[in-house]
Each structure stands twice: as structure tokens, then as C-alpha cells.
Amino acid sequence: MTILDRPASEDAAAGERRAPRDRALRREIGVANVFSHGFLLLWGALTVLPLLWMLLSSFKSDAEILSDPWGLPGALRFENWARAWTEAHIGRYFLNSAIVVAGSLTLTMLMGATAAYVFARYEFRGRQFFYYLFVGGMMFPAFLALVPLFFVVRNAGLFGTWTGLILVYAAYSLPFTVFFLTAFFRTLPTTVAEAALMDGCGHFRLFFRVMLPMARPGLISVAIFNFLSQWNQFILPQVLMQGDDSKWVLAQGLTALAVSQGYQGDYSGLFAGLTIATLPVLAVYVLFQRQVQSGLTAGQLK
């Protein structure tokens, strides 16, 4: 008797035997989905609630913050933001951070994209050695090199300057940038580059006119990661930007605001300053979250 001639009773029995296994499998998948969604909700709450509490506290008075820290503000006190921006000099520190991060991010992306393109698309002696030399920089956290870095920057005459801070930011961002973009450039089609070279396009024009536009998702993704890292940097400016407070970046200004209050307790101004410092990070994430996701997934596909 062939399979086609098998009685319907046998099919029904086989179906009955498979039914408990299918129900058990669906039950396990349902439990896994509930656990994963519950974990994501918990993680989202742990991330969003502190930000929401900080935002609400920036509109409260000091008395409301101390007496009812979890309640809603009685009124929207925008004077807290104005006081933090002017009297606490958050506006000046904000501008300093924007200048430093803009310079370091531009330098990082230009040098990182150039190096990553060479590592990904050209064959030369010692390529792997130099690539791993770049990537090896990710193994060393910044605080391990603070002492020698302090003396190097000071001996170079760049201590307490934005130029020194920009160069250090770019140096510490290059390993991750080269690692990320090298893998991304390897996924780009070689036929386009070969066609451009056959049409008379030089290597310089090929990189800036053809390959960089094709690598835009990866460039945007790594630029956002570098922006978040450099904007939130604290230990490097704290060590390399001592002295003149007019050149301090935002992290130093917020630290000074928290420490210098003493027993005065201008908590509303402090929360307003923290909110101002957080807004660019949130804006970048909200505006470019799709580009980050597309860049991370595009670099994994041929």
C-alpha cells in the first residue's frame, strides 16, 4: 500500500499525535514572547521614567521638588530654564560642546571613512596588521591612558584648548569608526567601482563621488554613535580642559553647577540644565532612528 492509498484513519491518528506537540510548541513560543515583551517593557520604563521625572522636575520649584518629588509641577516655570541658561552659563557650555563635537565628528568621519575604505577595497602589504592596529584601540578604555595623554597634550601646547580636545576625541573615536565602516565598505558592490574606473574616474573621485554616497546608511549610523559618545564625554574634558571655565564643555558646566550649589540647593536650575543637555541626544535619536536601523542591517547584507 502506497502513501496515497493510506487510510484516512491513519492520517487522523497521526494528526492526533502531532496535535499535543504542536500545542506544546505554541505554548513555549507564547511564553517566550510574553517574557521578551515583558523584559522590553521593563527596560523601556527604566529608560523613559527617569527622563520624564527630570523633565517634570525642571518645571518645578525647589519646594515642590523636595516636598513632592513624584508629583506634577504646579505651573510650567520656564524661568528655571532661563536661569540655567544665563546665570549658570549653560548656554555658553552648550555652544562650546557643539563646537568641539562638530570639529571632532567631522575629523573622525573624514579620517575614519578614508582609512576604512582603503582597508576594505585595496590590497597592500601589511594591510591586516594596520587594520588590527586600528581596531585594537577599542580594547583600551580612555581612563587607562589619562596620565600619558595629559603629558602628551601639555607638551604639544594644546592643554586647555578646544583643538587638543578635538584631536583627542577624534583619536578615541577612530577605532570603532574604522571597524564599523570597513565591514560596511566590503558589502558595497565592486561592479560599480570597476565601472567608474573604466569610465575614467580616478581613485579620489571614486571615493568621494561614488562610494561615499553608497555608504550613506553606514556613515549616518556611525556618525550618530560617535556624536552620542562625544557629546556625553566627561573624563577627557575634565582632565584636558582645566583652568579657564569659559572654554568648558557641557559636562564640566553641569558638574560645576551641581558642586558649587553648596547648601543653596538650586535643584530646579540643575534639572533644567540636565534637560537642556539631554535634548540634543534625544533629538538625534528621534530624527535618525530609522537611519541607524537601516545602517546596522545594511552592513550585514551583500
Side-chain angles (χ1 to χ4, degrees), residues 84-116 118-119 126 129-182 222-262 270 273-274 276-278 280-281 284:
W85 186 266
T86 56
E87 297 181 10
H89 309 294
I90 296 299
R92 182 175 63 192
Y93 301 141
F94 188 97
L95 179 61
N96 294 345
S97 291
I99 294 173
V100 171
V101 172
S104 61
L105 189 60
T106 302
L107 187 61
T108 300
M109 296 306 300
L110 180 60
M111 297 176 61
T114 305
V118 172
F119 287 137
F129 171 77
F130 288 108
Y131 171 72
Y132 288 118
L133 192 64
F134 265 102
V135 175
M138 294 191 299
M139 300 172 56
F140 301 96
F143 62 84
L144 290 181
L146 285 179
V147 175
L149 184 63
F150 172 84
F151 288 105
V152 168
V153 174
R154 191 186 66 176
N155 294 337
L158 299 175
F159 183 77
T161 64
W162 290 341
T163 303
L165 200 59
I166 288 173
L167 292 177
V168 173
Y169 276 14
Y172 272 100
S173 301
L174 272 178
F176 172 74
T177 304
V178 171
F179 172 75
F180 187 95
L181 291 181
T182 299
V222 74
I224 292 174
F225 288 131
N226 286 329
F227 169 80
L228 298 178
S229 174
Q230 295 173 6
W231 184 267
N232 295 323
Q233 185 59 246
F234 171 73
I235 188 66
L236 290 177
Q238 194 72 13
V239 173
L240 303 178
M241 288 293 293
Q242 302 175 14
D244 187 7
D245 60 353
S246 63
K247 297 182 179 180
W248 285 0
V249 295
L250 197 54
Q252 292 175 280
L254 290 174
T255 304
L257 176 61
V259 173
S260 64
Q261 289 184 67
L270 178 60
L274 291 172
I276 294 173
T278 309
V281 178
V284 167

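From a predicted model like this one, the values you see are computed outputs, not experimental measurements.
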For [X], all residues meeting side-chain contact (heavy atoms from CB on, under 4.5 Å), sequence neighbours excluded:
{"X": "Ala251", "value": "Phe234"}
{"X": "Ala88", "value": "Ile90, Leu257"}
{"X": "Ser229", "value": "none"}
{"X": "Phe119", "value": "Ala115, Phe124, Arg127, Phe130, Tyr131, Phe134, Val178, Thr182"}

Smallest separation among heavy atoms of [X] and [Y], with atom names:
{"X": "Val222", "Y": "Thr177", "result": "CG2-CA, 3.9 Å"}
{"X": "Met241", "Y": "Gln252", "result": "O-NE2, 3.3 Å"}
{"X": "Gly273", "Y": "Ala84", "result": "N-CB, 4.0 Å"}

For the [atom1] atom of [X] and the [atom2] atom of [Y], what is their distance to the nearest 0.5 Å?
{"X": "Asn226", "Y": "Leu174", "atom1": "CG", "atom2": "CG", "value": "8.5 Å"}
{"X": "Lys247", "Y": "Asn96", "atom1": "NZ", "atom2": "CG", "value": "9.5 Å"}
{"X": "Leu236", "Y": "Leu146", "atom1": "CG", "atom2": "CG", "value": "6.5 Å"}
{"X": "Leu270", "Y": "Leu274", "atom1": "CG", "atom2": "CG", "value": "4.5 Å"}
{"X": "Ile276", "Y": "Leu250", "atom1": "CD1", "atom2": "CG", "value": "8.5 Å"}

- Item | Residue list, ring pair (Phe, Tyr, Trp, His ring centres under 6.0 Å) with Trp231, at least two apart or on another chain |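 Trp231 satisfies ring pair (Phe, Tyr, Trp, His ring centres under 6.0 Å) with Phe94, Phe227 only.
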- Task: Could you label the plane-to-plane angle of the Tyr93 and His89 rings as parallel, tilted or perpendicular, counting under 30° as parallel and over 60° as perpendicular?
- Result: perpendicular
Donor-acceptor contacts, no H, no angles, side chain residues 104-114, under 3.5 Å, sequence neighbours left out:
from: Ser104; atom 1: OG; to: Val100; atom 2: O; distance (Å): 3.0
from: Ser104; atom 1: OG; to: Val101; atom 2: O; distance (Å): 3.2
from: Ser104; atom 1: OG; to: Gln230; atom 2: OE1; distance (Å): 2.6
from: Thr106; atom 1: OG1; to: Ala102; atom 2: O; distance (Å): 2.8
from: Thr108; atom 1: OG1; to: Ser104; atom 2: O; distance (Å): 2.7
from: Thr114; atom 1: OG1; to: Leu110; atom 2: O; distance (Å): 2.7

- Item | ring pair (Phe, Tyr, Trp, His ring centres under 6.0 Å) contacts in which one or both residues fall within residues 153-172, not counting sequence neighbours |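 The answer is Phe150-Phe159.
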- Query: Could you go step by step and tell me if Leu165 and Leu158 meet the side-chain contact (heavy atoms from CB on, under 4.5 Å) rule?
  - Reply: CA-CA 8 Å; Leu165 200 59; Leu158 299 175; over 6 Å; no
